[in-house]
Colleague: 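To start, I am sharing the structure in question, which I have written as structure tokens.
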2 protein chains.
Amino acid sequence: MDKLDRDILAVLQTDARISLQELSKRVGLSSSPCWTRIRRMEESGVIEGYTVRVNPQAVNLAETVIVQVTLDSHSDEALFAFGRALADIPEVLEALLVSGDYDYILRIAVSDTRDYERLLRERLYKIPGLRHSKSSFVLRSLKQSPLPLHR
Amino acid sequence: MDKLDRDILAVLQTDARISLQELSKRVGLSSSPCWTRIRRMEESGVIEGYTVRVNPQAVNLAETVIVQVTLDSHSDEALFAFGRALADIPEVLEALLVSGDYDYILRIAVSDTRDYERLLRERLYKIPGLRHSKSSFVLRSLKQSPLPLHR
DNA sequence: ACTGAAAAAAACAGTGC
DNA sequence: GCACTGTTTTTTTCAGT
């Protein structure tokens, strides 16, 4: 992981479908070493994979909700059971175990507020062990940036 | 946007570097229409781009912190100034304007707690108009999943 | 809109510096 | 570790159904 590797990652983070030729030109290298470096980062796990960025509105998931959750118990079993319940809810994109006032922070994608109300009532509130939850609707996204590789 | 389009997106979300041949086989189509559909979704903005998923630990950004922020004022100007200040901080990966007790939710990536302390002191606390902030360290990520395309 | 095949471009592998 | 060159694979285009 030297500067060239980080340069390559920085380019791939903004456009992973760029051709090897164009990529190597941008980082100031010929294509072979560029390709070798990418391969090495893929195999060592630095590169975890490649994904497409989908416009949430286009697939009817325009609303994002951040939910903070407290559990009744903090036993391993309760924690595990809660995690399993969340895994079954496709709208829950992300679940983070956090320090602080709450136990979990959830990122949820729904089509609208009615859809969210339904999700809350039919799925989240039915999870055993959930003591309290607080929802924050995302009104606007101010920033969305890849990992800073050149600090 | 029919079922086939969603099928294609679902595959690309898990692996965007799959070959057209393999992709078309999985969605039960030959490669030409598959390619046409991808192209159409790229041009219509359904597909926003392609990115690499980088292992944060490998680039020395192992710690994630979720910060909730309240501003002094909610004027357009204050809001805009705060957004501009955040744009200049590379560690701030995401900034969401939200409803609820707080004004903003920030996702921050740092190498460790000392790095975060420095960021807080030297950058965040220096932003004018920031009234209050509450940090939650991410202890573990329980779930991380792409958009549900087949609900 | 899909199929199948041909043309263009890129990825990949090997060689020498 | 890098540049160059050749082979293979993939992407892209196009005529036909």
Side-chain angles (χ1 to χ4, degrees), chain A residues 1-62 111 145-151, chain B residues 1-62 111 145-151:
Chain A
M1 285 299 301
D2 58 6
K3 186 181 181 323
L4 279 169
D5 284 332
R6 286 193 298 272
D7 287 346
I8 290 169
L9 287 181
V11 175
L12 289 180
Q13 273 193 138
T14 63
D15 179 12
R17 273 228 154 161
I18 191 175
S19 77
L20 205 59
Q21 225 174 21
E22 176 66 21
L23 171 61
S24 43
K25 205 175 71 184
R26 284 206 210 166
V27 301
L29 221 58
S30 76
S31 47
S32 324
C34 208
W35 187 81
T36 312
R37 282 166 179 274
I38 292 174
R39 197 53 172 263
R40 188 175 48 214
M41 289 193 282
E42 284 173 354
E43 282 168 3
S44 67
V46 176
I47 291 177
E48 294 179 340
Y50 300 88
T51 48
V52 66
R53 286 186 299 125
V54 176
N55 181 350
Q57 296 199 4
V59 294
N60 200 27
L61 293 169
S111 51
S145 66
L147 293 174
L149 270 7
H150 293 126
R151 287 185 310 154
Chain B
M1 284 298 301
D2 58 6
K3 187 182 179 321
L4 279 169
D5 284 332
R6 286 193 298 272
D7 287 345
I8 290 169
L9 287 180
V11 174
L12 289 180
Q13 272 192 136
T14 62
D15 180 11
R17 273 231 153 158
I18 190 175
S19 79
L20 207 59
Q21 224 174 21
E22 176 65 22
L23 170 60
S24 44
K25 206 176 71 183
R26 286 206 208 165
V27 301
L29 221 57
S30 74
S31 48
S32 317
C34 210
W35 186 81
T36 312
R37 283 165 178 274
I38 291 173
R39 198 52 172 266
R40 188 174 48 213
M41 289 192 283
E42 283 172 355
E43 281 166 5
S44 68
V46 176
I47 290 177
E48 295 179 341
Y50 299 88
T51 47
V52 66
R53 287 186 297 125
V54 175
N55 181 351
Q57 296 199 4
V59 294
N60 200 27
L61 293 168
S111 51
S145 66
L147 294 174
L149 270 7
H150 292 126
R151 286 187 308 153

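In what follows, every chain begins at residue 1, and chains take the letters A, B, ... in the order their sequences are listed. Quantities reported herein were computed from a predicted structural model and do not represent experimental measurements. Because only heavy atoms are used, hydrogens play no part in the values below, and waters and symmetry mates are left out as well, while side chains stay in.
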Colleague: Going from SG on C34(A) to CG on L20(A), what distance comes out if it is rounded to the nearest 0.5 angstrom?
Modeller: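 Reported value, rounded in 0.5 Å steps: 5.5 Å.
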Colleague: For the pair made of CG in L23(B) and C1' in dT12(D), what is the distance, rounded to whole Å?
Modeller: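 Distance check: L23(B) CG to dT12(D) C1' gives 15 Å.
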Colleague: Take a 6.0 Å sphere around CD of Q21(A) and say whether it holds more than 12 heavy atoms from other residues, nucleotides or ligands.
Modeller: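 No, not enclosed.
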Colleague: Return the CG to CG distance between L61(A) and L149(B), rounded to the nearest 0.5 Å.
Modeller: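 Answer rounded to 0.5 Å: 7.5 Å.
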Colleague: When Watson-Crick pairs (N1 to N3 and N6-O4 or O6-N4) and G-U wobble pairs (N1-O2 and O6-N3) count only below 3.5 Å on both distances, what is the dot-bracket string of DNA chain C, with | for other-strand pairs?
Modeller: ||||||.||||||||||
Colleague: Rounded to the nearest Å, what distance is computed from the CD atom of residue E22(B) to the P atom of nucleotide dT10(D)?
Modeller: 10 Å
Colleague: For L20(A), report the nucleic acid contact type (base, sugar-phosphate, nothing); a contact means any heavy atom under 4.0 Å.
Modeller: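 Sugar-phosphate contact only.
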Colleague: Quick check for you: to the nearest 0.5 Å, what is the distance between R40(B) atom CZ and D5(B) atom CG?
Modeller: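 Between atom CZ of R40(B) and atom CG of D5(B) there are 5.5 Å.
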Colleague: So does S32(B) reach the base of dG4(C) with its side chain, donor to acceptor, closer than 3.5 Å?
Modeller: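 Answer yes: a donor N or O sits under 3.5 Å from an acceptor.
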Colleague: Would one find a side-chain N or O of R17(A) under 4.0 angstrom from OP1 or OP2 of dT10(D)?
Modeller: no
Colleague: In whole Å, I'd like the distance from the CE atom of M1(B) to the C1' atom of dA1(C).
Modeller: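 These atoms are roughly 17 Å apart.
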Colleague: Does W35(B) have a side-chain nitrogen or oxygen under 4.0 Å from the phosphate oxygens OP1 or OP2 of dT12(D)?
Modeller: yes
Colleague: Can you check whether R37(B) has a side-chain N or O nearer than 4.0 Å to OP1 or OP2 of dA1(C)?
Modeller: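 Result: no.
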Colleague: Quick one: on DNA chain D, does Q21(B) or L4(A) contact a more 5' nucleotide (nearest heavy atom)?
Modeller: L4(A)
Colleague: From OH of Y50(A) over to C1' of dT10(D), roughly how many Å is that when rounded to an integer?
Modeller: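 My rounded result for the distance is 16 Å.
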Colleague: Can you tell which of dC14(D), dA3(D), dA11(C) lies closest to the side chain of P33(A)?
Modeller: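 For P33(A), the side-chain atoms sit closest to dA3(D).
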Colleague: Which nucleotide sits closest to the side chain of L29(B): dC14(D), dC2(C), dA3(D)?
Modeller: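 From the listed options, dC2(C) comes nearest.
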Colleague: Give the nucleotide from the list dA11(C), dT13(D), dT3(C) with an atom nearest to the side chain of S30(B).
Modeller: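 Looking only at heavy atoms from C-beta outward on S30(B), the closest nucleotide is dT3(C).
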Colleague: Could you check how far CD of E42(A) sits from C1' of dA11(C), rounded to whole Å?
Modeller: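 Atom-to-atom, E42(A) to dA11(C), this comes out as 12 Å.
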Colleague: If I take atom NZ in residue K3(B) and atom P in nucleotide dA1(C), what distance separates them, rounded to the nearest angstrom?
Modeller: 17 Å
Colleague: The side chain of R40(B) is closest to which nucleotide in this list: dA11(C), dA1(C), dG4(C)?
Modeller: dA1(C)
Colleague: Between R151(A) and V59(B), does the side chain to side chain contact (heavy atoms under 4.5 Å, CB included) criterion hold? Intermediate values first, please.
Modeller: CA-CA 10 Å; R151(A) 287 185 310 154; V59(B) 294; over 6 Å; no
Colleague: Please assess V52(B) against M41(A) for the test side chain to side chain contact (heavy atoms under 4.5 Å, CB included), listing each intermediate value before the final yes or no.
Modeller: CA-CA 11 Å; V52(B) 66; M41(A) 289 193 282; over 6 Å; no
Colleague: How would you list, by chain and number, every residue that makes a salt bridge (charged side-chain N to carboxylate O under 4.0 Å, His left out) with E48(A), sequence neighbours excluded?
Modeller: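 E48(A) satisfies salt bridge (charged side-chain N to carboxylate O under 4.0 Å, His left out) with no other residue.
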Colleague: More 5' along DNA chain C: S31(B) or D2(B), using each one's nearest nucleotide?
Modeller: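 Counting from the 5' end, the first nearest nucleotide belongs to D2(B).
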Colleague: K25(A) has an atom NZ; how far is it from atom P of dA10(C), in whole Å?
Modeller: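 After rounding, the gap between these two atoms is 11 Å.
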Colleague: Enter the distance from H150(B):NE2 to D7(B):CG here, rounded to the nearest 0.5 Å.
Modeller: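 If I round to the nearest 0.5 Å, the distance is 4.0 Å.
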